[in-house]
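All remarks here apply to the structure that follows.
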2 protein chains.
Amino acid sequence: MARAREAVAPAPAPAAALSAAQARVVRAALDLFAEHGVGGTSLQMIADALGVTKAAVYHQFRTKDDIVLAAAEAELARLEDVLGRADAEASPAQARRVLVASIVDLAVEGRRTTSVILNDPVIRQFFAGQERFRRVLGRMTTLLMGGTDAPDARVTTAVFLAAVSGAVMHPLVAALDDDTLRGQLRHMADKLLGP
Amino acid sequence: MARAREAVAPAPAPAAALSAAQARVVRAALDLFAEHGVGGTSLQMIADALGVTKAAVYHQFRTKDDIVLAAAEAELARLEDVLGRADAEASPAQARRVLVASIVDLAVEGRRTTSVILNDPVIRQFFAGQERFRRVLGRMTTLLMGGTDAPDARVTTAVFLAAVSGAVMHPLVAALDDDTLRGQLRHMADKLLGP
DNA sequence: GTCTATATATAGATAGAC
DNA sequence: GTCTATCTATATATAGAC
């Protein structure tokens, strides 16, 4: 799978592979970001969640921004992966279908964190400011919009992305299991993106 | 219009009517919350935006939480208003149609702030913790779900709310004027909620 | 209603021992 | 890799003058 992907895009250049200790920090941070927002999460809170002191966390990351960046990077990497798989499809139409299904899968898989993170104002600014993030999001929207740039294509794509990423963490669906939610969301996507 | 609403629900009990000075604070806070998140917005930032000192802001509100509450309250009041109008309709089906259209209108009208606020983790906790908020949101979802409680109704409703509130502030639609966006979103809502 | 000044806590971040 | 201790800036919040 990774091989098929690399045949298309040269190298994703993951800023730097994370050590096990760094990965633990990022996981804890993601949970806290989802609950309190990035701006409302302190290094002390992250340290407490890990049962260590702030200094121990600073040993893994130089600044808080580096942690936020690593967290955003982790989410982006998953998106890049499915983008690569979609690009490997034979036709643009088929690529779009694969991408839509994969985005639903990603959202359901990370229903507690992914969506909240992506909607956080701080992360938004990170994504807007960094070339690498903009490129990946650009690839995604281009593929989803299917060649056009008309207002209805824009709105449809924005609605699809907002719907999927927002619905998975809505209280109304909290009691639904992953399989049910995934199936329902795929059906919704068909309705929305269909003719 | 307000009269028609009060004929249905006794009184919305707006925690306390805001003075002009308080309203200015809330407006400034809403803008900053939308840009930096509630957790990332300090009283100093709010004071700076108003061109006054922190002490002047504290003269209007006892704590930062009170400002957040007032901001959430302001958004809730708009929702209560359209809920009242919807309830005044003859049939449940007609009430639902009116509510759906009104929610789209609200989202487009406040496209720079409303959605961000409603998706902020801090506001979420406020809404979850306060009886009054839960009651209004409950009225809304009950009306939108149209009598059922099935998984597909839950997902459809969650998708609709997430789609509308999230899409209006998506970069893809930033260049669209309000009228175009509103029209497109109504069309999307029909697709989504239709048979 | 706004200011200056200040109290107190916590934020991000670093130094240096173990 | 983790700790204690500490620095500096900023956070929320208050007191009291104008």
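Letters go in sequence order (proteins before strands), and every chain restarts at 1.
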Relative orientation of the end axes in the helix from C:dG1-D:dC18 to C:dC18-D:dG1, expressed as an angle to the nearest 10° (five pairs per end):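 One end's axis against the other's: 10°.
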What is the distance from [atom1] of [X] to [atom2] of [N], rounded to the nearest Å?
X       : N      : atom1 : atom2 : value
A:Ile67 : C:dG12 : CD1   : P     : 9 Å
A:Leu18 : D:dG1  : CG    : P     : 13 Å
B:Leu50 : C:dC3  : CG    : P     : 10 Å
A:Ile46 : D:dT2  : CD1   : P     : 14 Å
B:Asp65 : D:dA11 : CG    : C1'   : 13 Å
A:Gln44 : D:dC3  : CD    : C1'   : 13 Å
B:Phe61 : C:dG1  : CZ    : P     : 11 Å
A:His59 : C:dG12 : NE2   : C1'   : 18 Å

So CG of A:Leu18 and CD of A:Gln60: to nearest 0.5 Å the spacing works out to 10.0 Å
Presence of salt bridge, [Y] and [X], under 4.0 angstrom:
X        : Y        : result
A:Arg182 : A:Asp177 : no
B:Arg78  : B:Glu109 : yes
A:Glu80  : A:Arg132 : yes
A:Asp190 : A:Arg97  : no

With DNA chain C as reference, determine whether B:Gln60 or A:Lys64 sits nearer its 5' end, using the nearest nucleotide of each.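 Comparing both residues, the 5'-ward one is B:Gln60.
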Proximal nucleotide (of [options]) relative to the [X] side chain:
X       : options                : value
A:Leu43 : C:dG12, D:dG1, D:dT12  : C:dG12
A:Ala55 : C:dA13, D:dA13, C:dT14 : C:dT14
A:Arg62 : D:dC3, D:dT2, C:dT14   : C:dT14
B:Lys54 : D:dT12, C:dA11, D:dG1  : D:dT12
B:Val52 : C:dA11, C:dC3, C:dG1   : C:dC3
A:Tyr58 : D:dT4, C:dG12, D:dG1   : C:dG12

Intermediate values then yes/no, side-chain contact (heavy atoms from CB on, under 4.5 Å), B:Phe33 and B:Val122: CA-CA 10 Å; B:Phe33 290 165; B:Val122 180; over 6 Å; no
Is the shortest side-chain N/O distance from A:Thr53 to OP1 or OP2 of D:dT2 below 4.0 Å?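 No, outside the criterion.
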Taking only side-chain N and O atoms of A:Ser42, does any of them lie within less than 4.0 angstrom of OP1 or OP2 on C:dA11? yes
Measure from the side-chain N and O atoms of A:Asp120 to the backbone N and O of A:Gly37, and report whether any donor-acceptor pair falls under 3.5 Å.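 Flag not set: sc A:Asp120 to bb A:Gly37 has no pair under 3.5 Å.
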For B:Arg112, does the CZ atom sit with more than 12 other heavy atoms under 6.0 Å from it, leaving out its own atoms?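 Open: at most 12 neighbouring heavy atoms sit under 6.0 Å from CZ of B:Arg112.
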Mind checking A:Ser19 for me? I need base, sugar-phosphate or nothing, with any heavy atom below 4.0 Å counting as a touch. nothing
